[in-house]
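In this text, all values refer to a predicted model and were calculated from it rather than measured experimentally.
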Amino acid sequence: KQADVDARARAEVARRLGDAAPPGATLVPGTARLDGPARTHAQPGLITYHVGGTAQTRAAVGDDAARARLATDLAGKSDDEARAILAATPGISGYTITYTPSWFPHRMPWRASRITVTLATPSGG
């Protein structure tokens, strides 16, 4: 049945999207968008379909322990070193560093307990 083929194809794309997530990242629930299936080729006894999709991922720094480890890695680092660490951390697609007070030299505090790691809420779509 065509409905069974559609369901199986969509399930496979969803599985492959999960497998394609970057190391240290997971799919954000509700963000998967699947296309198709669209028939690409047909011959007697064989029909080929293409199904594609997209999804947003979330960095694996979401739990308290992971954020604490990241803060420890950042402690005492220069602004350039901190940015390099964040850019190299799997699953982080963007970041903002805010130093307070603003007049203080742009360097990470020496104590990890003085660093706050906050995750942004994924935007819809």
Side-chain angles (χ1 to χ4, degrees):
K1 294 179 190 177
Q2 187 64 40
D4 292 339
V5 171
D6 289 356
R8 289 176 56 198
R10 288 180 179 280
E12 180 64 14
V13 169
R15 184 191 66 76
R16 288 185 186 192
L17 282 173
D19 291 348
T26 58
L27 294 182
V28 176
T31 64
R33 302 289 180 253
L34 304 179
D35 306 323
R39 186 166 30 177
T40 59
H41 183 73
Q43 66 185 37
L46 177 66
I47 300 174
T48 305
Y49 290 90
H50 172 78
V51 180
T54 60
Q56 290 181 346
T57 59
R58 176 177 292 145
V61 292
D63 67 9
D64 292 340
R67 289 195 308 261
R69 282 190 303 275
L70 182 56
T72 299
D73 291 346
L74 294 171
K77 301 296 190 270
S78 70
D79 186 65
D80 288 342
E81 291 169 323
R83 290 178 188 282
I85 289 170
L86 292 169
T89 302
I92 295 180
S93 60
Y95 56 88
T96 301
I97 299 175
T98 305
Y99 296 98
T100 57
S102 60
W103 53 264
F104 200 74
H106 288 188
R107 180 173 195 83
M108 289 289 156
W110 288 102
R111 293 187 343 203
S113 63
R114 305 282 300 174
I115 298 171
T116 303
V117 176
T118 306
L119 298 180
T121 303
S123 58

Asker: So with a 6.0 Å cut-off around CZ of Arg114, is the heavy-atom count from everything else above 12?
Answerer: no
Asker: Can you tell me how far the OH atom of Tyr95 sits from the CD1 atom of Ile85, to the nearest 0.5 Å?
Answerer: 10.5 Å
Asker: Check whether Thr40 reaches the backbone of Thr48 with its side chain - one donor and one acceptor, N or O, closer than 3.5 Å.
Answerer: yes
Asker: Heavy-atom distance under 4.5 Å between the side chains of Leu74 and Glu81, does that happen here?
Answerer: no
Asker: With a 4.0 Å cut-off on N to O distance, would you call Arg16 and Glu12 a salt bridge?
Answerer: yes
Asker: For residues Thr89 and Asp73, determine if any side-chain heavy atom of one lies less than 4.5 Å from a side-chain heavy atom of the other.
Answerer: no
Asker: Is atom CZ of Arg83 surrounded by more than 12 heavy atoms (other residues, nucleotides or ligands) closer than 6.0 Å?
Answerer: yes
Asker: Going by ring-ring contact (aromatic ring centres under 6.0 Å, His included), name the residues that satisfy it together with Tyr99, two or more places apart in sequence or in a different chain.
Answerer: His106
Asker: Applying side-chain contact (heavy atoms from CB on, under 4.5 Å) to Met108 and Ile97, what does each step give before you reach the verdict?
Answerer: CA-CA 9 Å; Met108 289 289 156; Ile97 299 175; 3.7 Å; yes
Asker: Within a strict 4.5 Å, meaning less than it, do heavy atoms of the Thr54 and Asp35 side chains meet?
Answerer: no
Asker: Can you tell me how far the NZ atom of Lys77 sits from the CD1 atom of Ile115, to the nearest 0.5 Å?
Answerer: 9.0 Å
Asker: Run the side-chain hydrogen bond (donor to acceptor under 3.5 Å, both in side chains) test against Asp4 and tell me which residues pass, sequence neighbours left out.
Answerer: none
Asker: Please report the closest heavy-atom contact between Ala112 and Ala75, naming both atoms and the distance.
Answerer: N-CB, 3.9 Å
Asker: So, taking the atom named OG1 in Thr118 and the one named CZ in Arg67, what distance separates them when rounded to the nearest 0.5 Å?
Answerer: 7.5 Å
Asker: Does Arg107 use its side chain to pair, donor to acceptor, with the backbone of Asp79 at less than 3.5 Å?
Answerer: no
Asker: Please report the shortest heavy-atom distance between Gly76 and Trp110, naming the atom on each side.
Answerer: CA-CE3, 3.4 Å
Asker: Looking at every heavy atom in both Ala55 and Ala32, which two are closest together, and how far apart are they?
Answerer: CB-CA, 3.9 Å
